[in-house]
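Start at 1 with the first residue, then count along the sequence. Each ligand, and each atom within it, is numbered from 1 in the order the structure gives. Just so you know, these numbers use all the heavy atoms, side chains as well, and skip hydrogens, waters and symmetry mates.
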Amino acid sequence: MAELIEKPIGLAAKPTRSQEFYDNVKRKFAEERDLRLNYRPNGTAQYTSEFSGELAKYEVDPYAGEVTPREPINDTVEVLFIGGGFSALLTSARLRERGVESIRIVERGADVGGTWYWNRYPGVACDVVAYDYLPLLDELDYVPKDHYARGPEIFAHCQAIARKYNLYELAVFQTTVTSTIWDPDEQMWNLTTDRGDRMKARFVICANGTLSKPKLAKINGLETFKGHSFHTSRWDYAYTKPDLSGLENKVVGIIGTGATAVQAIPGLGAAAKQLYVFQRTPSSIDIRDDWPTDPNWARRLPHGWQARRRARARMEPQLTVEQKAKQAAMSHEDKIRRQENANIEAMMKIHQRIDAIVKDKATAEALKPWYMLMCKRPCFHNDYLPTFNRPNVHLVDTKGKGITEINEKGVMLEGKQYELDVIIYATGFEVQKTGIYNQIKGANGLELNDKYREGIRTLLGIHSQGYPNLFIMGGYQASFQFNLTDMLQAQGDHIAACIDYARRHGYQSVDATPEAEEWWVQEVIDHRGKTNRNQECTPGYYNFEGEFQRRQDGNYNGGFFQYCNHLGEVQARMVEHFSFTKK
Ligand code: NDP
């Protein structure tokens, strides 16, 4: 076992078995996927994020207390961010460097932080290496405490950025933007909020995050449960107590086993009287090679170390001449087969690790994921699998079906009643929705969602023609990066460059041209759907729960290196991609 758990497995595993073995595993993957698709032909409609009536409590902010009263705001700022997470913080830093003074963040939470404001569940952490994930480390002269940062450290870092760049001054919290409407006469955005504000802004940045609106599975009888319940992004510490001692005498059920649940379950298992984990599809659990930052290493880091580290990470991996020749000689089918076999090999190592750690054989079998690695968000944890060796922790494997019935006592599954004191929903979030809670109307009065109805149309995933001075962060048609802050930093740098360009040239507005937008839509289409991987994957939010998608309605798959090149090209040739107006 020792060698098995020394290093994360990754995708470097070498295929060493017969092709028949890999083909059989692929068949099993397909069966498991089909089982799930048959249970849920309704795709993304199996979830709801419309939390009204009985469901309204699942979205209440448990961290902020009462909403602080204030007078409605009626003023004008130069740049307004909808959302106060990393997108806003990173871009603001770059705007400040370029001399922009009037910056306002409007945020639903009671502080900055976005994801890291809302997600405070026990064990919350990020499993992208902290020296890469935490942005602006050079600027803040900060070195993370560990190889992987925990939630509270990341949240504190967000607050430190806001303080350093003086972003609290104009920020408004506990406020949701409800409409963002372009005024063509004034060449300004008019915004209204749920607090009665009427704000004006010259530039608006949709920084509402990629996974920000919690969602619940539509489970029959969910609202009839008489015990306590909450979503992981609204953790009720008043009930559980900060050290989870409130669960000592409680029977706890958690629904979902995605990346959030994987981090929360070890703490819950240690604290609860009984813990029932209701699993629909297991996550892949790899090693988390964490360690405290070496203070000597940290002290010796030269100024600008993070920028250099990021620049290195953005470089395209260079193949040797021999590697290139070998690749060129291989047919498309051979390349795919090699990749798939290596992927299956990696998944088999994930399975072996489960066998080595989980003592009960039936539980170990149930915890084994049967899909290609990366079909779902891979997870990294050293305490998740051992938690299932605790006598008080019970895995309830629904074998792909999921929980479909809740009653006043708890969960009902195949005629068996699970009586619970509390149900925790680890059922995830709406994905990459621009303008959640918010109606965005552009120059021709068209709502952005209506424009997108026939397919998303943007330039670089950031600009959409007819929506001048509006910038979208973390939306579709942009590149996807496992380290999201790297992507957001690239977008933030670009947005700051565009705003700076407009200010320097005395332009009141900047809008993508129809031709530039069309070019980008075709780029997105060209780079999507080259393999069947998406359809072959088990359903999840990565593949829109198996729903049909237009090829343009997703991320740009040409690679991050290429995406950054395109950002640079557009910045270098602004006149070719944008139209400008003077006031
Ligand atoms: P996910 O959408 O990844 O997971 C939702 C879970 O709920 C899935 O396991 C899903 O099963 C399950 N589920 C849904 N409906 C039912 C049902 N009726 N019965 C039983 N189970 C059900 O949400 P998360 O909050 O876990 O993660 C969201 C994302 O946030 C991650 O993918 C990651 O990008 C990010 N994140 C990153 C972390 C990190 O850095 N470590 C930590 C936490 C989150 P099924 O798989 O079958 O659909």
Note to self: Ring centroids only, cut at 6.0 angstrom: are H231 and Y121 within range, meaning strictly under it?
What the structure shows: no
Item checked: Test item, K376 contacting ligand 1 (heavy atom, 4.0 angstrom) -> yes
Check: Does the gap between the ring centers of Y425 and Y58 come in under 6.0 Å?
Finding: yes
Note to self: Can you report which non-hydrogen protein atom sits closest to atom 36 (N) of ligand 1, along with the distance?
What the structure shows: A259 CB, 3.9 Å
Item checked: Y541 neighbourhood, listing ligand 1 atoms whose heavy-atom distance to it stays under 4.0 Å -> 2 (O), 3 (O), 29 (C), 31 (C), 32 (O), 33 (C), 34 (O)
Notebook entry, point to check: Can you tell me which residue and heavy atom of the protein come closest to atom 41 (N) of ligand 1, and the distance to 0.1 Å?
Noted result: D127 OD2, 2.7 Å
Next item on the list: Compute the ring centroids of Y276 and Y418, then answer whether they are less than 6.0 Å apart.
Entry: yes
Check: To which protein heavy atom is atom 19 (N) of ligand 1 closest, and what is the distance rounded to 0.1 Å?
Finding: I403 N, 2.9 Å
Notebook entry, point to check: How close does the nearest protein non-hydrogen atom get to atom 37 (C) of ligand 1, and which residue and atom is it?
Noted result: R377 NH2, 3.5 Å
Note to self: Under 4.0 Å from a heavy atom of A217: which atoms of ligand 1 are those, numbered in the order shown and with their elements?
What the structure shows: 15 (N), 18 (N)
Next item on the list: Output the list of atoms in ligand 1 that are nearer than 4.0 Å to some heavy atom of Q263, sorted by atom number.
Entry: 39 (C), 41 (N), 42 (C)
Next item on the list: Could you list which atoms of ligand 1 come closer than 4.0 Å to a heavy atom of G402?
Entry: 19 (N), 20 (C)
Next item on the list: Could you tell me which atoms of ligand 1, counted from 1 in the order shown, lie closer than 4.0 angstrom to a heavy atom of Y121?
Entry: 42 (C), 43 (C)
Check: Looking only at distance, does R36 have an N or O less than 3.5 Å from an N or O of ligand 1?
Finding: no
Notebook entry, point to check: In terms of residue, atom name and distance, what is the protein heavy atom nearest to atom 30 (O) of ligand 1?
Noted result: L211 CD1, 3.6 Å
Note to self: Suppose we measure from atom 20 (C) of ligand 1 to each protein heavy atom; which comes out shortest, and what is that distance?
What the structure shows: I255 CG2, 3.5 Å
Item checked: N/O separation below 3.5 Å, A261 to ligand 1 -> no
Notebook entry, point to check: Looking at C126, which atoms of ligand 1 are within less than 4.0 Å of one of its heavy atoms?
Noted result: 40 (O)
Check: Below 4.0 Å from any atom of ligand 1, is there a heavy atom belonging to Y47?
Finding: yes
Next item on the list: Please determine which of H381, R150, H147 meets the side-chain hydrogen bond (donor to acceptor under 3.5 Å, both in side chains) test together with D290.
Entry: R150
Notebook entry, point to check: What protein heavy atom sits nearest atom 25 (O) of ligand 1, and how far away is it?
Noted result: T260 OG1, 2.6 Å
Margin query: Against ligand 1, does A125 come closer than 4.0 Å with any heavy atom?
Written below: yes
Next item on the list: Indicate whether any N or O donor in one side chain lies under 3.5 Å from an N or O acceptor in the other, for S212 and W118.
Entry: no
Check: G540: heavy atom below 4.0 Å from ligand 1, yes or no?
Finding: no
Check: Are any non-hydrogen side-chain atoms of E430 and L211 less than 4.5 angstrom apart?
Finding: no
